[in-house]
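Just so we're on the same page: letters track the sequence lines, and every chain starts at 1. No hydrogens, no waters, no symmetry mates; every other heavy atom, side chains included, goes into these values.
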Amino acid sequence: MSDAWPLELTGDAVSVAPRLLGGVVVHRGVAVWLSEVEAYTGADDPASHAHRGPTARNAAMFAGPGHVYVYLSYGIHHAANIVTAPPGTAAGVLLRAGEVVAGLDLARRRRPGVVDARLASGPGNLGRVLGLTLDTTGRRFRVIAAPVTPVAIIGDERDDSLLFAPAGATVAVRQGPRVGVGAAHERPWRFWIADDPTVSRYRRAASAR
DNA sequence: CTTCGGATTGGCT
DNA sequence: GCCAATCCGAAGA
């Protein structure tokens, strides 16, 4: 078993983003099958946290393919990106939504009273279900082969390793503008799986009016 | 040092 | 559709 980050998931975030759909992310006892992602690049992307170059917060975005960039959104939500760009350059894919495919009991406990399809719907909710914190930023995904559902593979809530299983089957991809983004909102860099119930509702940024 | 706004969410009008 | 919650870090003074 090789755990190196795949070459085909390296490079331009806009190209890599749709290929991450159908992949599975695992952390702290929960596995999420990705149904919605968004691409963010570096200096050329005014909506990206890396737009103005490296800082203490966004350092992980420059750390190379397979690293995680976790940021705190609105003081409340932890959102995760998978970095795709070579070290020293910035590009990443925001994990926006997915379906919980293992660790359902844990996921429900982390989001009480929420119907299963909505457990990981939206970047903040996905981060919550995975138990992400700011301490996780800058760490690296270990790549494994699907299927990843057995508990022996995903571990329990104490297991803070980051696993990623690339998509097994081909999925029908849709594309449109990024959610909640004011700057460069015309770029269709959000990708999702057609007709999937876990995909988040589109919301235009207040500043994009 | 202080100010300010956000790659969001859920609840309410 | 509107708005508050809640905190970090980037930027400006």
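Between the side chains of Asp45(A) and Ser48(A), no donor-acceptor pair is found at a separation under 3.5 Å. For Arg139(A) and Thr136(A), the side-chain atoms include no donor-acceptor pair closer than 3.5 Å. Inspection of the Glu36(A) and Ser200(A) side chains reveals an N or O donor paired with an N or O acceptor under 3.5 Å.
Within the structure, every side-chain polar atom (N or O) of Asn58(A) is placed at least 4.0 Å from both OP1 and OP2 of dA10(C). Checking the phosphate oxygens (OP1, OP2) of dT8(B), a side-chain nitrogen or oxygen of Arg96(A) falls inside 4.0 Å. Proximity of Arg111(A) to the phosphate of dG10(B): a side-chain N or O atom is located under 4.0 Å from OP1 or OP2. Distances shorter than 4.0 Å separate none of the side-chain N or O atoms of Thr55(A) from OP1 or OP2 on dG9(C). In this model, the phosphate group of dT9(B) is not approached by any side-chain N or O of His77(A) to a distance below 4.0 Å at OP1 or OP2.
In this structure, Arg96(A) is not positioned above the aromatic face of Phe191(A) in the sense of NZ or CZ being under 6.0 Å from the six-membered ring centre and within 45° of the axis.
Ring-centre distance between His49(A) and Tyr71(A): below the 6.0 Å cut-off.
The residue Arg52(A) sits close only to the backbone: its heavy atoms come under 4.0 Å of sugar-phosphate atoms, none of a base. Residue Ala79(A) is classed as having no contact, given no heavy-atom separation below 4.0 Å to the nucleic acid. Nucleic acid contact for Ile76(A): base, since at least one base atom lies under 4.0 Å from a heavy atom of the residue. Within 4.0 Å of Asn125(A), counting heavy atoms only, lie sugar-phosphate atoms of the nucleic acid but no base atom. Residue-level contact check: Arg178(A) touches neither bases nor backbone, having no heavy atom under 4.0 Å from any strand.
The aromatic rings of Phe164(A) and Trp5(A) lie tilted to each other, with the angle between the two planes from 30° to 60°.
DNA chain B contains the following stems of three or more consecutive Watson-Crick or G-U pairs, with both distances under 3.5 Å: B:1-6 with C:7-12, B:8-12 with C:1-5.
Closest to the side chain of Arg203(A), out of dA10(C), dT9(B), dT8(B), is dT9(B).
Between the side-chain ring of Tyr40(A) and the base of dA7(B), a stacking contact exists by the 5.5 Å and 30° definition.
Considering every non-hydrogen atom in both Val143(A) and Pro6(A), the closest pair reads CG2-CD, 3.8 Å.
Counting to the nearest Å, the C1' atom of dC4(B) and the OH atom of Tyr74(A) are 12 Å from each other.
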